[in-house]
**Q** 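Please find one structure pasted underneath; my questions will follow.
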Amino acid sequence: MPAEQEAAAVPPQAKGSWSSFLKSMASFNGDLSSMTAPAFILSTTSLTEFSAYWSEMPRLLTAPAKEPDPQKRTMLVMKWFISTLKQQYASRNEKLGSEKKPLNPFLGELFLGKWEDEEGVTQLVSEQVSHHPPVTAYNIHNDTHGVRLQGYNAQKASFRTTIHVKQVGHAVLHLDKYNEDYLITFPPLHIEGLITGSPYVELNTSSYIIGSNGYACRIDYSGKGWVSGTKNSLHATVYPHGKEKDKSSILYTADGSWTDSFTIKDAKKSVVDVYNAKKEPKTPLQVAPIAQQDPLESRRAWQRVAEAIQKGDMNATSYEKNIIEEKQRELRKREAGEKREWERRYFTRMESAPVLEKLTKEVPGGSLERDQTNGVWVFDGEKARVGGGR
Ligand SMILES: CC(C)CCC[C@@H](C)[C@H]1CC[C@H]2[C@@H]3[C@@H](O)C=C4C[C@@H](O)CC[C@]4(C)[C@H]3CC[C@]12C
């Protein structure tokens, strides 16, 4: 990297703090929440909000529920999943010019909202169910089409020339009409552009979608690389369980870019669909005005921190963050004294999860990794009915 190109995107007054940040990464302990980043890279959005990326185009989420053929349904689940990647991994870069460090949610933090469009109402509940390690759980459901997505995720990071993140956890898409489940695993990622001060996410290796209908999908990710390759590329295949390596069993393929467009072909290599991420219309998420939100709701709880970050006032940011952290420490102390755990508002830790366990066995090297997510988390409909409110 030529010296003059180094940290080119870093504001002049932040060059010192960016190089200190890069140096501090050499002793990074893998805990993303404890990473102290310079002000210009801080986001005003909490990780609990990221759960909304799963359904910004409800039409694609509900499409599999309308398809009677199980192979095509699996292909439509694949199409929806790939369509969410741009929002999940590239939207901050596109909107803000670089990836940012999200706010680290506190235990019990909530993010609630809904999408209303021609698909009916699609409801979102996102809750921080664990602080050590940080785990976010979510439930997204559309009763008009009998579609439910629930999942939880944690991140395990390491530093080798850049930040590498392994995602732990999974999501399950359930279709009522076919009583079908699709286990979704998450791709590992790494941060590019760290040296130049304009970080962005690139996805690595592969992730899986395993249907209880006997079909599965593997998505391979590749990026620009040192010598060749194209940014944000993917190659995906749909195949019957156990036939991942058998080319003659491939039912559908998808090739292209998860930030631009990809083409889906059938077994005869005929084009079935071309998805263009730049043209697909999104439905805006509706979130209650801050004044009407529960005190645990993300935008209300972080309001003063977000204002301080926006002003670039680091002293006020630390002061306001400290108030939240102090309150959390007090709560944990009280719970320890009373020998009880924080009561999650919408989710419950499950001792046994037979459907998940069965589908996980179909993922090469798959395991539920309960110890890394403080348990297996499921949406608790009864809790939501009794105390969930909105
Ligand atoms: C920018 C850099 C200097 C700081 C590192 C920030 C780091 C903690 C952020 C960067 C990207 C974030 C990913 C994000 O791309 C998307 C998702 C998908 C979502 O479903 C779950 C959260 C996750 C994995 C974010 C975690 C925090 C990441 C790694």
Side-chain angles (χ1 to χ4, degrees), residues 6-7 9-11 13-51 53 88-93 95-107 109 128-136 152-169 186-204 298 301-302 305-306 308-310 312-326 328-329 332 372-374:
E6 274 188 28
V10 178
Q13 70 280 13
K15 290 231 152 87
S17 60
W18 188 247
S19 59
S20 309
F21 168 68
L22 292 181
K23 279 183 203 135
S24 76
M25 290 313 296
S27 52
F28 177 54
N29 67 2
D31 178 1
L32 286 170
S33 59
S34 71
M35 179 195 280
T36 322
F40 80 95
I41 213 81
L42 297 182
S43 160
T44 55
T45 306
S46 155
L47 267 183
T48 53
E49 291 207 24
F50 283 36
S51 309
Y53 292 142
Q88 303 260 21
Y89 304 104
S91 55
R92 280 92 43 203
N93 191 23
K95 252 181 251 148
L96 313 166
S98 86
E99 185 54 79
K100 301 272 176 187
K101 184 180 183 299
L103 291 168
N104 177 31
F106 55 86
L107 180 60
E109 183 177 323
Q128 192 69 12
V129 290
S130 170
H131 191 61
H132 289 300
V135 181
T136 313
Y152 57 92
N153 51 262
Q155 294 85 41
K156 248 191 112 186
S158 59
F159 190 83
R160 277 168 287 124
T161 68
T162 189
I163 302 167
H164 292 260
V165 180
K166 176 189 170 209
Q167 298 198 62
V168 195
F186 311 132
L189 60 94
H190 68 270
I191 306 289
E192 291 276 351
L194 208 55
I195 299 284
T196 54
S198 46
Y200 63 90
V201 169
E202 187 63 89
L203 303 177
N204 307 330
S298 192
W302 290 105
V305 174
I309 292 175
Q310 247 147 18
D313 184 339
M314 273 313 259
N315 288 337
T317 305
S318 315
Y319 176 81
E320 295 296 343
K321 262 191 182 169
N322 198 44
I323 294 178
I324 295 178
E325 284 160 8
E326 213 25 70
Q328 288 296 307
R329 276 192 281 273
R332 296 302 82 80
Q372 291 183 42
T373 53
N374 201 354

**Q** So Ile163 and Leu32, side chain to side chain contact (heavy atoms under 4.5 Å, CB included) or not? Walk me through it.
**A** CA-CA 10 Å; Ile163 302 167; Leu32 286 170; 4.2 Å; yes
**Q** Is the number of heavy atoms from other residues, nucleotides or ligands under 6.0 Å of Tyr319 OH greater than 12?
**A**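 Count not over threshold, so no.
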**Q** Apply the test side chain to side chain contact (heavy atoms under 4.5 Å, CB included) to residues Met314 and Leu42: give CA-CA distance (whole Å), side-chain angles for both, the deciding distance (0.1 Å), then the verdict.
**A** CA-CA 10 Å; Met314 273 313 259; Leu42 297 182; 4.1 Å; yes
**Q** Any side-chain heavy-atom pair from Val129 and Thr136 closer than 4.5 angstrom?
**A**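 With C-beta onward as the side chain, the pair stays apart.
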**Q** Hey, does Ile323 have a side-chain heavy atom less than 4.5 Å from the side chain of Glu320?
**A**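 Side chain of Glu320 against side chain of Ile323, heavy atoms only: contact under 4.5 Å found.
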**Q** Give a yes or no answer on whether the side chain of Trp18 reaches the backbone of Leu194 with a donor-acceptor pair at less than 3.5 Å.
**A**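 Checked: pair present.
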**Q** Does the side chain of Ser130 come within less than 4.5 Å of Tyr152's, by heavy atoms?
**A**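 Counting from C-beta outward, Tyr152 and Ser130 never come under 4.5 Å.
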**Q** Please tell me if the side chains of Gln372 and Lys166 come closer than 4.5 Å, counting only heavy atoms from C-beta onward.
**A**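 In contact.
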**Q** Looking at side-chain heavy atoms only, is the closest gap between Pro134 and Gln128 below 4.5 Å?
**A** yes
**Q** Would you call Met35 and Phe21 a side-chain contact if the rule is heavy atoms closer than 4.5 Å?
**A**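 A side-chain contact under 4.5 Å exists here.
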**Q** Within the structure provided, determine whether Glu192 and Thr162 are in side-chain contact (heavy-atom separation under 4.5 Å).
**A**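 No - every pair of side-chain heavy atoms lies 4.5 Å or more apart.
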**Q** Would you say the side-chain atoms of Glu202 pair up with the backbone N or O of His190, donor to acceptor, closer than 3.5 Å?
**A** no
**Q** Do any pairs count as a side chain to side chain donor-acceptor pair (under 3.5 Å) and have a residue in residues 30-46, sequence neighbours left out, and if so which ones?
**A** Asp31-Ser33, Ser46-Thr48, Ser46-Glu109
**Q** Is there a side-chain contact between Arg92 and Tyr200, using heavy atoms and a 4.5 Å cut-off?
**A**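 Result no, sub-4.5 Å side-chain heavy-atom pair not found.
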**Q** Quick one: does any side-chain atom of Lys100 pair with a main-chain N or O of Phe40 as donor and acceptor, under 3.5 Å?
**A**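 Flag set: sc Lys100 to bb Phe40 pair under 3.5 Å.
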**Q** Under the side chain to side chain donor-acceptor pair (under 3.5 Å) rule, collect the residues that match up with Lys101, sequence neighbours excluded.
**A** none
**Q** Is there a donor-acceptor contact under 3.5 Å from the side chain of Gln155 to the main chain of Val168?
**A**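 Flag not set: sc Gln155 to bb Val168 has no pair under 3.5 Å.
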